[in-house]
Undergrad: 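There's a structure below that I have some questions on.
On a predicted model such as this, the values are computed, not experimentally measured, just so you know. Values below: all heavy atoms of this structure, side chains included; hydrogens, waters and symmetry mates excluded. This chain uses plain numbering: 1 for the first residue, then up along the sequence.
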Amino acid sequence: LAEGNTKECSALMLALLDERFDAAQLLLDEGADIHYTRQAPHTRDRSRGQTALWWAANKGHLPLTQRLVELGADVNLPDDFGSTPAIQAASHGHLPVLQYLASQGANLRARISDGRTAFHLAVRDGYTTVVEFLLTQGAADPNDRGSGYTPLMVAAENNDAAMAALLLANGAEVDARHTGSGIYTALKGWTPLVFAVNGSYTRMVRLLLQAGANPNLSMPATSGPRGEPLPKRKVIDFVKGKRGESVARILQAAGAKQG
């Protein structure tokens with residue numbers, strides 16, 4: 001069965017991890033413990049605290065998810081990183097599993113340890129249908145922050161224009177600013193437009209400007225990841241090299257001025 005870090009996985013977890021779903025069904029037929037929680041030491045893959053339901057949701061297997069819930073698995077039990085079965089389903093784009101878990105009382109607003117929710121992770125990975133579902137369920141705030149980022153900042157940094165348009169249509173603040181907290185001091189004050197300009201994403205820059213982004217906002221002086229000082233900058237100061245020439249022209253046409 002599964003390769004890699006499988007320390008202290010149950011046989012049922014191994015079957016799910018390796019996508020041997022027939023074997024998982026057989027193990028359940030034989031009375032496998034559905035409540036077993038993996039107690040491996042904390043590792044880089046944040047593996048501690050997983051359950052069979054966590055893995056079924058992660059793999060997007062609806063029949064096994066349903067069976068585990070019917071057998072009494074807790075739909076809101078998180079791993080030690082705070083990730084619940086619903087967060088696993090959302091962050092891997094498994095909409096039918098997420099919808100089922102929601103119907104069974106899953107908390108769609110649960111947060112992992114860095115403050116992000118299922119919504120943040122679905123935005124990050126471009127799962128538009130999952131994002132739409134969470135919005136319709138009232139389980140998503142388009143201006144909620146995770147690690148200092150709003151969802152629109154994430155979409156802009158990922159150059160996901162479709163996601164950005166969806167977020168803007170649902171009330172995302174186009175000039176929201178990154179908090180610059182923790183390890184993200186270098187991003188203090190950045191707006192979605194700065195992320196787009198920094199990536200030389202012309203289509204995203206146009207989209208944000210059309211939505212009312214201010215091309216003349218200033219980013220405060222701050223420090224970089226190694227403590228190096230970073231000066232106060234304007235949006236246009238983030239234009240980079242030849243790829244950024246078209247971005248600079250778009251900003252200048254919108255009235256942007258250099259610091």
Undergrad: Verify, without hydrogens or angle tests, whether His94 (side chain) and Asn58 (backbone) share a donor-acceptor contact under 3.5 angstrom.
TA: yes

Undergrad: For Arg226, is there any backbone N or O sitting under 3.5 Å from a side-chain donor or acceptor partner on Glu228?
TA: yes

Undergrad: In a check of side-chain contact (heavy atoms from CB on, under 4.5 Å) between Ile34 and each of Leu71, Leu53, Val69, which one passes?
TA: Leu71

Undergrad: With heavy-atom distances below 4.5 Å as the criterion, would you say the side chains of Leu108 and Thr117 are in contact?
TA: no

Undergrad: Report yes if the side chains of Tyr100 and Thr65 come closer than 4.5 Å at any heavy-atom pair, otherwise no.
TA: yes

Undergrad: Suppose the criterion is side chain to side chain donor-acceptor pair (under 3.5 Å): which pairs have a residue in residues 170-186, not counting sequence neighbours?
TA: Thr179-Ser181

Undergrad: Under 3.5 Å, is there a donor-acceptor pair between the side chain of Arg145 and the main chain of Gly148?
TA: yes

Undergrad: Please report the C-alpha distance between Asp160 and Arg203 in whole Å, then the side-chain angles of each, then the deciding distance to 0.1 Å, and finally whether the salt bridge (charged side-chain N to carboxylate O under 4.0 Å, His left out) criterion is met.
TA: CA-CA 10 Å; Asp160 189 339; Arg203 183 183 176 194; over 6 Å; no

Undergrad: Are His120 and Val154 side-chain neighbours, meaning at least one heavy-atom pair lies under 4.5 Å?
TA: no

Undergrad: Considering non-hydrogen atoms only, spot the tightest contact between Pro151 and Pro142 and give its length.
TA: CD-O, 3.3 Å

Undergrad: Less than 4.5 Å apart, side chain to side chain, heavy atoms only: is that true for Pro220 and Lys188?
TA: yes

Undergrad: Could you please spell out the steps behind the side chain to side chain contact (heavy atoms under 4.5 Å, CB included) verdict for Asn158 and Asp125?
TA: CA-CA 9 Å; Asn158 290 345; Asp125 294 320; over 6 Å; no

Undergrad: So, are Asp114 and Arg116 salt-bridged, with charged N and O less than 4.0 Å apart?
TA: yes

Undergrad: Carefully, step by step, assess Asn198 and Lys240 under the rule side chain to side chain contact (heavy atoms under 4.5 Å, CB included).
TA: CA-CA 7 Å; Asn198 190 63; Lys240 293 179 178 178; 3.1 Å; yes

Undergrad: If hydrophobic clusters are built by linking Ile, Leu, Val, Met, Phe, Trp and Tyr wherever their side-chain heavy atoms come under 4.5 Å apart, do Leu101 and Leu77 end up in the same one?
TA: no

Undergrad: Between the side chain of Arg109 and the main-chain N/O of Gly138, is any donor-acceptor distance below 3.5 Å?
TA: yes

Undergrad: Would you call Asp237-Lys257 a salt bridge at under 4.0 Å N-O?
TA: no

Undergrad: When rounded to the nearest 0.5 angstrom, what distance separates OG1 in Thr128 from CG in Leu95?
TA: 11.5 Å

Undergrad: Compare every heavy atom of Gly255 with every heavy atom of Asn216, then report the nearest pair and how far apart it is.
TA: ND2-O, 3.0 Å

Undergrad: Counting N and O atoms only, with roles assigned by atom type, does the side chain of His61 sit under 3.5 Å from a partner on the main chain of Leu64, one being a donor and the other an acceptor?
TA: yes

Undergrad: Measure across Gly244 and Val239 and return the closest heavy-atom pair with its distance rounded to 0.1 Å.
TA: O-CG1, 3.3 Å

Undergrad: Is any side-chain N of the basic residue among Arg111 and Asp144 closer than 4.0 Å to the acidic one's carboxylate O?
TA: yes

Undergrad: Ignoring hydrogens, what is the shortest heavy-atom contact between Val130 and Ala122? Give both atom names and the distance.
TA: CG1-CB, 3.6 Å

Undergrad: When you look at Tyr201 and Phe195, which way does the ring pair (Phe, Tyr, Trp, His ring centres under 6.0 Å) test go after all the steps?
TA: CA-CA 9 Å; Tyr201 302 140; Phe195 283 102; over 10 Å; no

Undergrad: Any heavy-atom pair between the side chains of Met163 and Tyr127 that's under 4.5 Å?
TA: no

Undergrad: Nearest 0.5 Å, please: how far is CD1 in Ile87 from CZ in Phe81?
TA: 9.5 Å

Undergrad: Does the side chain of Thr51 reach to within under 4.5 Å of the side chain of His35, using non-hydrogen atoms?
TA: no

Undergrad: Write down the atom of Asn143, the atom of Gly171, and the distance for their closest heavy-atom approach.
TA: ND2-O, 3.0 Å

Undergrad: Are Leu230 and Val194 joined in one hydrophobic group, where the rule is that I, L, V, M, F, W and Y side chains link up if heavy atoms are under 4.5 Å apart?
TA: no

Undergrad: Could you state the interatomic distance from CG (Leu187) to OG1 (Thr222), rounded to the nearest 0.5 Å?
TA: 8.5 Å

Undergrad: Quick check: closest heavy atoms across Trp190 and Ala186, and the distance to 0.1 Å?
TA: NE1-O, 3.3 Å

Undergrad: Flag the pair Phe238 / Met219 as yes when at least one side-chain heavy-atom distance between them is below 4.5 Å, and no otherwise.
TA: yes

Undergrad: Nearest 0.5 Å, what's the CG-CD1 distance between Leu217 and Ile236?
TA: 13.5 Å

Undergrad: Quick one: list whatever passes salt bridge (charged side-chain N to carboxylate O under 4.0 Å, His left out) with Glu30, sequence neighbours left out.
TA: none

Undergrad: I'd like to check Met153 versus Thr150 (side-chain heavy atoms, cut-off strictly below 4.5 Å). Are they in contact?
TA: yes

Undergrad: When rounded to the nearest 0.5 angstrom, what distance separates CE in Met13 from CG in Asp33?
TA: 8.5 Å

Undergrad: To the nearest 0.5 Å, what is the distance between CG on Leu208 and CG on Leu152?
TA: 6.0 Å

Undergrad: Kindly say whether Arg48 contributes a backbone atom to a donor-acceptor pair with the side chain of Asp79 at under 3.5 angstrom?
TA: no

Undergrad: Tell me yes or no: between the side chains of Gln50 and Thr37, is some donor less than 3.5 Å from an acceptor?
TA: no

Undergrad: Given the rule in the side chain to side chain contact (heavy atoms under 4.5 Å, CB included) test, do Gln88 and Ser83 qualify, once you have shown the distances and angles that lead to the verdict?
TA: CA-CA 7 Å; Gln88 285 301 304; Ser83 187; 2.8 Å; yes

Undergrad: For side chain to side chain contact (heavy atoms under 4.5 Å, CB included), just list the numbers for Leu168 and Leu207, CA-CA rounded to whole Å, side-chain angles, deciding distance to a tenth of an Å, and then say yes or no.
TA: CA-CA 10 Å; Leu168 288 165; Leu207 174 64; 4.3 Å; yes

